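First the structure, in the form of structure tokens, and then the observations on it.
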Amino acid sequence: MTFSARQWRKVWEQLYNSGETNLSGRIAHEVGHIWNGDNWDEQVTIDFSAESFERVRDAANKAGVLVNW
């Protein structure tokens, strides 16, 4: 999945607040250094397993991040 760092932050927050600590931790690990650098428009791709992909996609939709898959 590819989103901007800003969009990943929204997805991270949705996952974190819903108790998905493993997935939210993975996103924070992959994108945290970009968030710290305030480069919110940088595009970041993270690969997930099929099961995790579904949960991340659902969280993105709930966060208002458009998923085209």
Side-chain angles (χ1 to χ4, degrees):
M1 292 182 136
T2 301
F3 296 129
S4 70
R6 182 181 326 279
Q7 290 170 315
W8 276 120
R9 174 71 171 134
K10 292 177 182 179
V11 175
W12 172 85
E13 187 172 4
Q14 181 67 38
L15 288 165
Y16 182 82
N17 288 338
S18 66
E20 291 277 6
T21 56
N22 288 338
L23 286 174
S24 62
R26 167 98 189 280
I27 292 168
H29 176 77
E30 298 283 340
V31 189
H33 65 285
I34 298 169
W35 295 337
N36 290 338
D38 288 331
N39 190 2
W40 295 99
D41 295 323
E42 183 172 335
Q43 296 291 304
V44 179
T45 300
I46 304 175
D47 292 325
F48 295 97
S49 67
E51 177 186 329
S52 295
F53 177 87
E54 297 293 326
R55 296 192 332 253
V56 173
R57 184 189 64 196
D58 291 346
N61 286 329
K62 288 178 184 175
V65 176
L66 180 63
V67 179
N68 292 323
W69 304 285

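If you're wondering where the values come from, they're calculated on a predicted model, not measured in any experiment.
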> From Ile27 CD1 over to Phe48 CZ, what is the distance, rounded to the nearest 0.5 angstrom?
Replying inline: 4.5 Å
>> What's the separation between atom OG in Ser52 and atom CG in Asp47, rounded to the nearest 0.5 Å?
In response: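 Output value for this atom pair is 11.5 Å.
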> Has Asn36 got more than 12 heavy atoms of other residues, nucleotides or ligands less than 6.0 Å from its CG?
Replying inline: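 Counting other residues, nucleotides and ligands, CG of Asn36 exceeds 12 neighbours.
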> Do Lys10 and Gln14 come close enough that some side-chain heavy atom pair is under 4.5 Å?
Replying inline: no
[X]: what forms a side chain to side chain donor-acceptor pair (under 3.5 Å) with it, not counting sequence neighbours?
{"X": "Asn17", "answer": "none"}
{"X": "Thr21", "answer": "none"}
{"X": "Ser4", "answer": "Gln7"}
{"X": "Gln43", "answer": "none"}

Just jot down the side chain to side chain contact (heavy atoms under 4.5 Å, CB included) partners of [X], sequence neighbours excluded, or say none.
{"X": "Ala60", "result": "Phe3, Val11, Val65, Val67"}
{"X": "Asn39", "result": "Ile34, Glu42"}
{"X": "Glu54", "result": "Arg57"}
{"X": "Tyr16", "result": "Trp12, Ser24"}

Tell me every residue that passes salt bridge (Lys or Arg N to Asp or Glu O under 4.0 Å) with [X], counting only those two or more places apart in sequence or in another chain.
{"X": "Arg55", "value": "Glu20, Glu51"}
{"X": "Glu13", "value": "none"}
{"X": "Arg9", "value": "none"}
{"X": "Asp41", "value": "Arg6"}

>> How close do Met1 and Trp8 get, counting heavy atoms only, and between which atoms?
In response: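 The answer is O-CZ2, 3.6 Å.
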